[in-house]
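Working notes, beginning with the structure itself.
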Amino acid sequence: MWDRLLTDCHLATMVASPGNPLGIMTNAAIGIADGRIVRVGKRTELAGFRAKEVVPLGGAWVTPGLVDCHTHLVFGGTRANEHAMRRAGATYEEIARAGGGIVSTVAATRAASADDLKGSARRRLDALMRGGVTTIEIKSGYGLDTASEIRMLNAARSLGRDSPVRIVPTLLALHALPAEAKDDRESFVKMVADEMIPAVARAGLAGTVDAYCDTIGFTPAEVERVFTAALANGMAVRLHAEQLSNQHGAALAAKYKALSADHLEHLDAAGARAMAAAGTVAVLLPGAYYALNEKVKPPVQLLRDVGVPMAVATDCNPGTSPLLSPTLAMNMACTLFGLTPEEAIAGMTIHAARALGLAHEVGSIEAGKAADLAVWRIGELAELGYWIGLPGPERRLFAGRDS
């Protein structure tokens, strides 16, 4: 006997077929047992199966629970003052070089207690969960020493123990140079490769290493050194690439079979082709583009042409994307970057799951996967990318239970 049978609903299963890229199934039903999907089909096909609870959804649309595959959710303080500075004309790079930006958040994060970090992150997490998120990646990167990075990763993991949500911690090993290392880049990169990454791997705190490759971040050679250490310690890699300039980070990410390359406003054709060949997902972050008032957009048509899957994420962070609405991220992806509503939905479900290496577990509605679902009271799927800040789903299910 199943635990639950969801019935009288329309599905975007995200299992693509010719002419049906979102795997739409009308007048459908979903069988759930032990927190997993056991059967998906037409309502008439599943009507004969027994379940402890039958839940009629009144013609609602059901999607996989949303996957926010790029966030910096754990941090101390805010950078609201930088919002005013940008409105006065300062650029992201100017703010960073003047001592603002990431290094200011590092100081606030190091000064915050573990309880403070967890408490402030929980408020942000709750907002994203209300928006339909059931899986969320959380990066470190605001500690910039081994002890502080471990403290951030522990805070991220603890959120998943206390809430009905899947947390995917990522060690953002190269985010910025801490103040104490501003005159000794070599020693900092060596510490990350030889001390920080092995320590995090031994503790099992993260399965993925990320880095920021750009003019105000780290060079391709520095990233390569850290990626080599990550792979040697059994960790996958991801990369912030081509946000402010073209450092050929996307091709570098592809060389190391990165799960994703993120931002990509300055991506070139060679980088896109390399990503396609490596199976590296493009993660588009319209919140940062909007907040920074950037003018160069990611080359969406190029990504389509070469066949790179496009994920969409909030990039929730204190300085460049204080965004707490996954549906607004989808709307921005459509309005600012030109994604179709179908691409935006796939971008926060199946392609986002691929960017985290979790497509076997979440991101689509099919037998064997986690029963993480969002139930939307909308007339058509396009509304998810149409409303500007749709509040969230009518119901959110995590492991088959309302949450």
Side-chain angles (χ1 to χ4, degrees), residues 3-6 9-15 22-25 28-40 55 57 60-71 73 124-138 156 159-168 281 283 311-314 316 323-330 333 341-342 344-378 381 383-385 390-403:
D3 294 327
R4 304 185 95 182
L5 175 61
L6 310 183
C9 55
H10 309 307
L11 309 180
T13 67
M14 309 314 301
V15 180
L22 299 188
I24 290 173
M25 185 182 298
I30 306 171
I32 298 171
D34 297 322
R36 307 194 80 80
I37 298 166
V38 293
R39 186 76 179 265
V40 181
V55 183
L57 295 177
W61 277 93
V62 182
T63 68
L66 301 184
V67 179
D68 196 350
C69 65
H70 182 131
T71 84
L73 207 68
R124 294 184 281 272
L125 176 62
D126 287 346
L128 291 165
M129 289 169 60
R130 287 193 299 271
V133 169
T134 54
T135 295
I136 183 168
E137 186 252 20
I138 300 178
L159 293 169
R161 291 192 290 269
D162 299 340
S163 301
V165 65
R166 182 175 288 93
I167 301 292
V168 182
V281 176
V283 179
V312 176
T314 65
C316 177
L323 175 58
L324 292 171
S325 169
T327 53
L328 182 53
M330 286 193 280
E342 292 81 9
I345 295 166
M348 288 208 84
T349 53
I350 188 61
H351 294 330
R354 289 183 177 125
L356 296 178
L358 288 177
H360 63 286
E361 180 72 6
V362 296
S364 63
I365 302 174
E366 51 187 320
K369 289 196 174 183
D372 298 350
L373 305 166
V375 180
W376 307 89
R377 187 59 58 184
I378 53 178
L381 276 176
E383 291 185 47
L384 295 183
L390 185 73
E394 178 180 81
R395 304 173 81 141
R396 174 187 177 277
L397 280 69
F398 182 74
R401 307 307 306 176
D402 289 277
S403 58

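Bear in mind that the values here come from a model prediction, so they are computed numbers and not experimental data.
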| note | So the salt bridge (Lys or Arg N to Asp or Glu O under 4.0 Å) pairs with at least one residue in residues 30-40 (sequence neighbours excluded) are Arg36-Glu361
| Where Met330 and Ile345 come nearest, the two heavy atoms and their spacing | SD-CA, 4.0 Å
| task | State whether the side chain of Thr314 and the backbone N or O of Leu324 hold a donor-acceptor pair below 3.5 Å, judged by distance alone. | result | no
| query | Is there side-chain contact between Leu397 and Leu6, with heavy atoms separated by less than 4.5 Å? | reply | yes
| message | Please give me the minimum heavy-atom distance between Val362 and Arg166, naming the atom from each residue. | response | CG1-NH1, 3.3 Å
| said: Tell me every residue that passes salt bridge (Lys or Arg N to Asp or Glu O under 4.0 Å) with Arg130, counting only those two or more places apart in sequence or in another chain. | reply: none
| query | Do any N or O atoms from the side chain of Arg396 and from the backbone of Gly65 form a donor-acceptor pair under 3.5 angstrom? | reply | no
| query | Short question: side chain of Asp372, backbone of Phe398 - any donor-acceptor pair under 3.5 Å? | reply | no
| request: Search all heavy atoms of Pro326 against all heavy atoms of Leu66 and return the closest pair with its distance. | output: CB-CD1, 3.9 Å
| Of Ile167, Asp68, Ile138, the residue whose pairing with Leu73 passes side-chain contact (heavy atoms from CB on, under 4.5 Å) | Ile138
| query | Considering residues at least two apart in sequence or located in another chain, which fulfil the side chain to side chain donor-acceptor pair (under 3.5 Å) criterion with Asp402? | reply | Arg4, Arg395
| query | For the atom pair CZ (Arg161) and CG (Leu159), what is the distance rounded to the nearest 0.5 Å? | reply | 9.0 Å
| Exam field: side chain Thr13 to backbone Ile365, donor-acceptor pair closer than 3.5 Å | no
| message | Give me the atom names and distance for the closest heavy-atom approach of Val67 to Ala353. | response | CG1-N, 4.0 Å
| task | Kindly give the heavy-atom pair with the smallest separation between Thr327 and Leu390, and that separation in Å. | result | OG1-O, 2.6 Å
| task | Give, for atom CG of Leu57 and atom CG of Leu373, the distance between the pair rounded to the nearest 0.5 Å. | result | 9.5 Å
| query | Does any N or O in the side chain of Ser364 come within less than 3.5 Å of the main-chain N or O of Glu366, such that one atom is a donor and the other an acceptor? | reply | no
| field | Ser163 to Leu125 - nearest heavy-atom pair and separation | value | OG-CD2, 4.4 Å
